[in-house]
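First comes the structure, then the notes that go with it.
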Amino acid sequence: MEKNIAVIRGDGIGPEIVDEALKVLDKIGELYGHKFVCTDVDMGGCSIDKWGSPLTEEMLKKCVESDSVLLGAVGGDKWNHLPVDKRPEKGLLNLRAGMGVYSNNRPAKIWSQLADASPLKKSIVDKGIDFIIVRELIGGIYFGEHSTADDGNIKFSEDIMRYNENEIERIGRIGFETARKRRKQLCSVEKSNVLDCSRLWKNVMHRLAGEYPDVKLTDMLVDNCAMQIVKNPAQFDVIVTENMFGDILSDEASMITGSIGMIPSSSLGNTQCGLYEPIHGSAPDIAGKDIANPIGTILSAAMMLRYSFDMEKEADCIENAVDGVLDGGYRTSDIMPDGGEGLKQVGCSEMGSLITKYLKRND
Ligand code: NAD
C-alpha cells in the first residue's frame, strides 16, 4: 500500500520526536511492503519565521490533500509576544478547522513497566488501564455564545451549550467505530439528569446502537465517570462524550497513566485523513538536548496506521516494540524512576532506534 503523509515537525522538541517516528514508519514500510511518502509541512513558530504566518494556505492544502498528518508540536517563548491570532498555536487551530476534524481521541493506557509512575494505588493499576476518550471537539458550550452584562445591580454571564442531532450522531459514530476496533464496549458520558443537550445526546446514542449490534453501549453520568476513572479505570474501553466533559475527563485520564511523554492522540472528521500528534507541547526547556521522549509521537504514528490506514497488524507491531523496549529496561529521563536500578537511560534518538530494532513481524 502507498500512503502520503504530511509531516509537521514544528518547534522545540517537535523535529527530534518526529524524526524518531519516521524511522519507525520507514522500518514498518520495509517489513510489510508499504510505501510512506512524506511531505514536509511548515507550521507554528518556524512557519512564522519563514513565511510570516503560522500556517499558510499552501501548507494547509498539503495537509488536506494527504492521507494523514503527523505532527510533533508547535510554540515557544520566541513567539509569545505576538497577538493571539498570529501565534504558533493559531496554526494548529486553523489546521483542525481546515481539515474538518471534530473528534479528538486520546488513549489512557498504563504500560505495566511504568505502573509506579501512576498516582493511583497499585491494586487499582494492577487491574490494567487501557481506554480511549473520544471527545467532541468543535461544538457545545465552548462554541456557543458567551456574554457578560450588568443590569445596574449585578454583573451576570452566560455561555450557551447547543448541540444538534447531526453533531451528536457524527461523534457517536466515531465512538462506535473506535469501539469496534477495540474491545467493543462504548460508554456514553453525559449529564442527562440535568441537561437537555445530554438527553438529546443519550437518545441519539441509543438510536445509533441499533446499527452497531456488535458494540455494547452503556450510559454514565459525567460526575460518576470522573469518580470511576480513578476508582476502577479497568472497566472502560471507549468513552464518548461532548466537548467540555471530554476536555476535563481526558486530562484526568492522562494524569493516571503517569507520563505526558507517552501519550498519543488522533483527531478525526468525516474522511480517513486524520491528524496524529502526542498530547504534550514543544517542551522548549529540553529542546535540542536529545533527551525528549519520542514514544508519544511513535504511538501517534501507530494510531495513524490503525485508524486511518486500516493497518491493524502494523500498529500492533509498533506497540509490541514499545512494550519490548520498556521490558528491556530502556527509559528516557522523564520515565526514569529515582534510583532506576537495572534500568538504562537513553536519549531521544537512541529510544527511536531501539524501538525500530524491536519491530518484528509476528504474522
Ligand atoms: P509541554 O507539554 O511542552 O511541557 C510540559 C513539561 O513536560 C515540560 O517540563 C517538558 O519538558 C515536559 N515534556 C513535554 N513533552 C515531553 C517529552 N516528549 N519528553 C519529555 N518531557 C516532556 O507544555 P508547556 O511547557 O506548557 O508548553 C510549551 C509550548 O508548547 C508552549 O508554547 C505551548 O503553547 C505549546 N503547546 C503546544 C501544543 C501542541 O503543539 N499541540 C500543545 C500544548 C502546548
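- Closest approach of S259 and D334 over heavy atoms only: OG-OD2, 3.1 Å.
- The closest side-chain heavy-atom distance from R162 to E145 is below 4.5 Å.
- In this structure the side chain of F245 reaches within 4.5 angstrom of the side chain of S198, judged on heavy atoms.
- In terms of the side-chain contact (heavy atoms from CB on, under 4.5 Å) criterion, residue partners of I110 (sequence neighbours excluded) are, by chain and number, S118, V125, I129.
- R183 contributes a side-chain N or O that, together with a main-chain N or O of F236, makes up a donor-acceptor pair within less than 3.5 Å.
- Between S282 and D11, the side chains place no donor N or O within less than 3.5 Å of an acceptor N or O (distance only, hydrogens not considered).
- A salt bridge links K344 to E350: one of the charged nitrogens lies within less than 4.0 Å of a carboxylate oxygen.
- Inter-residue side-chain proximity for L343 and M336 is flagged as met; some heavy-atom pair is nearer than 4.5 Å.
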Given Y276 and S308, is the side-chain contact (heavy atoms from CB on, under 4.5 Å) satisfied, shown in steps? CA-CA 10 Å; Y276 295 85; S308 281; 2.6 Å; yes
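- Using a 4.5 Å cut-off on side-chain heavy atoms (C-beta onward), Y163 and E242 make contact.
- Looking at L92 and R96, their side chains come closer than 4.5 Å, going by heavy atoms from C-beta outward.
- Using a 4.0 Å cut-off between a side-chain N of Lys or Arg and a carboxylate O of Asp or Glu, E169 and R173 qualify as a salt bridge.
- Of the N and O atoms on the side chains of S157 and T148, at least one donor lies less than 3.5 Å from an acceptor on the other residue.
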As a quick check of understanding, evaluate salt bridge (Lys or Arg N to Asp or Glu O under 4.0 Å) for E16 and K289, giving each step before the final call. CA-CA 9 Å; E16 302 166 49; K289 297 183 178 163; over 6 Å; no
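- Annotation: side-chain contact (heavy atoms from CB on, under 4.5 Å) contacts of K122 (sequence neighbours excluded): D126.
- When atom types are taken as modelled, the side chain of E167 and the backbone of N164 share a donor-acceptor pair closer than 3.5 angstrom.
- The hydrophobic clustering, which links ILVMFWY residues whose side-chain heavy atoms are closer than 4.5 Å, places M304 and L95 apart.
- Put simply, I141 and V194 are part of the same group of oily side chains (I, L, V, M, F, W, Y) that touch within less than 4.5 Å, one to the next.
- For I138 against V101, the heavy-atom pair with the smallest separation is CG2-O, 3.9 Å.
- Residue M43 holds its CE atom at 4.5 Å from CG of L71, rounded to the nearest 0.5 Å.
- Taking CG from L249 and CD1 from I239, the interatomic distance works out to 6.5 Å, rounded to the nearest 0.5 Å.
- A distance of 9.5 Å separates CD in Q345 from CD1 in I335, rounded to the nearest 0.5 Å.
- Between R199 and E190, none of the side-chain N atoms (NZ, or NE/NH1/NH2) sits under 4.0 Å from a carboxylate O, so this pair counts as no salt bridge.
- Heavy atoms of other residues, nucleotides or ligands lying less than 6.0 angstrom from CE of M244 number more than 12.
- A donor atom on one side chain and an acceptor atom on the other are found under 3.5 Å apart for Y102 and N270.
- Residues K202 and S188 have side chains that never bring a donor and an acceptor to within less than 3.5 angstrom of each other.
- Heavy atoms from other residues, nucleotides or ligands lying under 6.0 Å from CD of E58 number 12 at most.
- Between the side chain of N105 and the main chain of V134, no donor-acceptor pair closer than 3.5 Å is present.
- Follow the hydrophobic side-chain contacts under 4.5 Å out from M227 and you never reach V222; the two are in separate clusters.
- By the neighbour-count criterion of 12 heavy atoms within 6.0 Å, atom CG of D85 is densely surrounded, having more than that number from other residues, nucleotides or ligands.
- Side-chain contact check for I279 versus S254: some heavy-atom pair is nearer than 4.5 Å.
- Proximity of a side-chain donor or acceptor of S66 to a complementary backbone N or O of I5 within less than 3.5 Å is not detected.
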Could you walk me through whether D316 and R306 pass the side-chain contact (heavy atoms from CB on, under 4.5 Å) check? CA-CA 8 Å; D316 285 346; R306 174 168 289 119; 2.5 Å; yes
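- Listed for the R9 side chain is no donor-acceptor partner under 3.5 Å among the backbone atoms of G14.
- Here the CG-NE2 distance, from L217 to H206, works out to 4.5 Å after rounding to the nearest 0.5 Å.
- Of the charged side-chain nitrogens involved, none lies within less than 4.0 Å of a carboxylate oxygen, so that K62 and D42 do not count as a salt-bridged pair.
- Using a distance-only test at 3.5 Å, with no hydrogens or angles considered, a donor-acceptor pair links the side chain of R135 to the main chain of N243.
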Let me see the working for M351 and I298 under side-chain contact (heavy atoms from CB on, under 4.5 Å), right down to the final yes or no. CA-CA 10 Å; M351 180 54 92; I298 290 170; 5.7 Å; no
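- Taking the six-membered ring where the residue is Trp, F36 and H34 present tilted rings, their angle falling between 30° and 60°.
- Between the side chains of D327 and Q113, at least one donor N or O lies within less than 3.5 Å of an accepting N or O.
- Distance alone, capped at 3.5 Å, is enough to place a donor-acceptor pair between the S47 side chain and the S53 backbone.
- For the pair V41 and V69, the minimum side-chain heavy-atom distance is 4.5 Å or more.
- The one candidate from R182, K181, K184, R180 that meets the salt bridge (charged side-chain N to carboxylate O under 4.0 Å, His left out) condition with D237 is R182.
- Around CD of E211, the count of heavy atoms belonging to other residues, nucleotides or ligands within 6.0 Å exceeds 12.
- R106 contributes a side-chain N or O that, together with a main-chain N or O of S250, makes up a donor-acceptor pair within less than 3.5 Å.
- Using a 30° and 60° split on the angle between ring planes, Y212 and F176 fall in the parallel class, below 30°.
- Scanning all heavy atoms of the two residues, the minimum distance from P294 to G352 falls at CG-N, 4.2 Å.
- Panel note: side chain K23, backbone S349; a donor-acceptor pair is recorded below 3.5 Å.
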Evaluation steps, side-chain contact (heavy atoms from CB on, under 4.5 Å), between I17 and H280: CA-CA 11 Å; I17 53 179; H280 58 73; 3.5 Å; yes
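- Within the model, atoms CG of N104 and OG of S265 stand 5.0 Å from one another, a figure rounded to the nearest 0.5 Å.
- Partner L70 forms a side chain to side chain contact (heavy atoms under 4.5 Å, CB included) with one of L22, L275, I8 and no other, that one being L22.
- P233 and L120 get closest at one heavy-atom pair: CG-CD1, 4.1 Å.
- Judged by distance alone, the side chain of T241 and the main-chain N or O of V189 form a donor-acceptor pair under 3.5 Å.
- Note on M1 and L359: same hydrophobic cluster, where clusters join Ile, Leu, Val, Met, Phe, Trp and Tyr whose side-chain heavy atoms are under 4.5 Å apart, directly or indirectly.
- Both V7 and F309 belong to a common hydrophobic cluster when Ile, Leu, Val, Met, Phe, Trp and Tyr are linked at side-chain heavy-atom distances under 4.5 angstrom.
- Here the CD1-CG distance, from I355 to N320, works out to 12.0 Å after rounding to the nearest 0.5 Å.
- Residues F131 and C187 fail the side-chain proximity criterion, which asks for heavy atoms closer than 4.5 Å.
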